[in-house]
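Heads up: numbering here begins at 1 and tracks the sequence. Hydrogens, waters and symmetry mates are skipped; everything else that's a heavy atom, side chains included, is used.
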Amino acid sequence: MFNRSLQMSLNCPSHLSVSVTRQRNVCKRVLNPVLAMPPSSVILHTDESGEFPESRNSSSSSNASLSSCAGSLLCHPNTVGIMGGGSIDSTLSFVRKLVHWSKENEETCMPFVLCSDPVLNRELLSLERNSSSLCSRNARSQFDHSPIVENLLSKRVFLEKSGAQCIVVPCHISHSWHDEVFKGCSIPSLHMAECVSRELKEAKLKPLEAGSPLRIGVLATDATLKAGFYQEKLQNEGFEVVLPDKATMEHTVIPAIDAINRKDMEGAQNLLRIALQVLLVRAVNTVILASNDMCDLLPRDDPLLKKCIDPMDALAMSTIKWAQQAVKEGT
């Protein structure tokens with residue numbers, strides 16, 4: 001799937017790539033399709049320890065290129081740093097959107113550095129999918145998130161040193177610690193909830209009920225909803241936020257995530273449809289699907305998806321706009 005995803009979406013001229021893993025045969029599988037990526041783009045995949053050791057398969061020319069630019073991997077004003085999240089599939093899906101949409105009006109897509117850490121992936125995915133099973137609110141509050149925050153912080157510093165001029169994080173649950181991770185960062189970062197809130201504001205929607213405020217629904221995992229950043233950013237733009245009530249969470253949303261964990265996709269789809277319909281009858285203009293699992297669950301032609309918005313799309317478009325502006329200011 002990893003190879004096929006890259007071959008389908010990143011079909012640009014060859015470029016320098018770095019991919020690190022412990023198994024040599026895995027490394028070969030990863031490196032071959034990466035050669036089809038855009039010029040001046042770099043993927044770095046850490047090993048199981050979360051470190052970035054030198055790849056034994058790197059050529060001398062690659063090493064020379066990596067050592068240029070005063071220690072930075074890339075030296076372009078529009079270089080984007082991408083911090084992978086809980087799922088490599090969702091990260092690659094975001095990269096596909098970034099590449100395809102940026103090439104619609106440009107000859108080449110923007111340079112980027114993608115950092116993926118399997119240790120961090122597992123920790124984030126486990127937290128997002130299993131947070132509802134933590135016994136109580138006190139148990140959740142006592143859960144030690146500091147190792148995750150430290151890991152995210154180390155990736156942020158690495159991307160800064162790699163030459164990124166802006167950092168994006170295509171992962172919902174990682175935004176729970178966005179302010180903490182990016183405090184003191186030397187370059188800007190795009191917040192996914194801010195991007196989707198701004199996009200909705202610019203759409204100039206009208207309330208479905210006369211005299212009522214604009215209502216936006218948010219459907220996400222228990223962990224993402226409790227973090228509250230989507231509610232905060234939407235309210236800052238003047239929207240009324242509608243969340244699933246306790247009964248909807250307990251009887252549809254949480255069971256849907258559990259069904260995904262059991263690979264019961266049909267059951268998860270049915271539960272998600274119910275949760276969406278419950279929100280839509282409360283006169284919301286649209287529902288933000290703030291969960292990669294939920295966004296990928298229903299068929300693309302499902303009528304309910306027409307009432308939903310994927311925050312990853314907003315983040316990708318905002319990233320492209322930033323990169324285009326960075327080029328203009330750098331010329």
Examine distances only and state if a side-chain atom of N236 and a backbone atom of E232 form a donor-acceptor pair shorter than 3.5 Å. yes
Give a yes or no on whether the backbone of L98 and the side-chain of S102 come within a donor-acceptor separation of less than 3.5 Å. yes
Verdict with reasoning, Y230 to H175, per side-chain hydrogen bond (donor to acceptor under 3.5 Å, both in side chains): CA-CA 9 Å; Y230 274 105; H175 282 73; over 6 Å; no
What one should report as the nearest heavy-atom pair of L159 and C115 is CD2-CB, 4.1 Å
Check for me, please, whether M312 and W322 land in the same ILVMFWY cluster - side-chain distances under 4.5 Å, paths through other members count. yes
Any side-chain heavy atom of H76 within less than 4.5 Å of one from Q165? no
Of all heavy-atom pairs linking M192 and V169, the shortest is CE-O, 4.1 Å
Taking only distance into account, with no hydrogens and no angle test, what donor-acceptor pairs under 3.5 Å do side-chain atoms of residues 284-295 form with protein atoms, sequence neighbours excluded?
{"from": "N285", "atom 1": "ND2", "to": "K206", "atom 2": "O", "distance (Å)": "2.7"}
{"from": "T286", "atom 1": "OG1", "to": "K307", "atom 2": "O", "distance (Å)": "2.8"}
{"from": "S291", "atom 1": "OG", "to": "D293", "atom 2": "N", "distance (Å)": "3.4"}
{"from": "S291", "atom 1": "OG", "to": "M294", "atom 2": "N", "distance (Å)": "3.3"}
{"from": "N292", "atom 1": "ND2", "to": "S90", "atom 2": "OG", "distance (Å)": "3.3"}
{"from": "D293", "atom 1": "OD1", "to": "R129", "atom 2": "NH2", "distance (Å)": "2.8"}
{"from": "D293", "atom 1": "OD2", "to": "R129", "atom 2": "NE", "distance (Å)": "2.9"}
{"from": "D293", "atom 1": "OD2", "to": "R129", "atom 2": "NH2", "distance (Å)": "3.3"}

query = Is it the case that one hydrophobic cluster holds both V242 and L205, taking links as side-chain heavy atoms less than 4.5 Å apart, direct or via other members?
reply = yes
Can a donor-acceptor pair be found between the side chains of S197 and E237 at a distance below 3.5 Å?
-> no
**Q.** Salt bridge K183-D179, side-chain N to carboxylate O under 4.0 Å
**A.** no
Q) Is a donor on one side and an acceptor on the other found under 3.5 Å between the side chain of N270 and the backbone of E266? A) yes
| request: Determine, for K306 against D301, whether the closest basic-nitrogen to carboxylate-oxygen distance falls under 4.0 angstrom. | output: no
Less than 4.5 Å apart, any side-chain heavy atom of V241 and any of R215?
no
Check your understanding: Taking S318 for the side chain and A314 for the main chain, is one N or O donor matched with an acceptor at less than 3.5 Å?
Key -> yes
Checklist entry - So do L153 and F182 actually touch side chain to side chain, heavy atoms under 4.5 Å? => result no
What one should report as the nearest heavy-atom pair of C171 and G86 is SG-N, 3.6 Å
Q.
What verdict does the side chain to side chain contact (heavy atoms under 4.5 Å, CB included) test give for L200 and F239, after you've listed the backbone C-alpha separation in whole Å, the side-chain angles of each residue and the deciding distance to 0.1 Å?
A. CA-CA 9 Å; L200 288 169; F239 295 110; 3.7 Å; yes
Check your understanding: Between T224 and T221, is there a donor-acceptor pair closer than 3.5 Å when you use the side chain of the first and the backbone of the second?
Key -> no
Query raised in the report: Under 3.5 Å, side chain of E329 to main-chain N/O of V327, donor-acceptor pair present?
Result: no
**Q.** E250 and K246, any side-chain heavy atoms less than 4.5 Å apart
**A.** yes
Review point. Within a strict 4.5 Å, meaning less than it, do heavy atoms of the V80 and P111 side chains meet?
Key: no
- Query: Is the backbone of A164 close enough, under 3.5 Å, to the side chain of S162 for a donor and an acceptor to pair up by distance?
  - Reply: no
Between Q269 and P299, the two heavy atoms sitting closest are NE2-CD, 4.2 Å
L152 vs M83 side-chain heavy atoms within contact, under 4.5 Å: yes
Answer whether the closest heavy-atom distance between the side chains of H145 and L127 falls below 4.5 Å. yes
- Task: Report yes if some heavy atom in the side chain of W101 is under 4.5 Å from a heavy atom in the side chain of M317; otherwise report no.
- Result: yes
Closest non-hydrogen contact found for C308 with L276 is SG-CD2, 3.7 Å
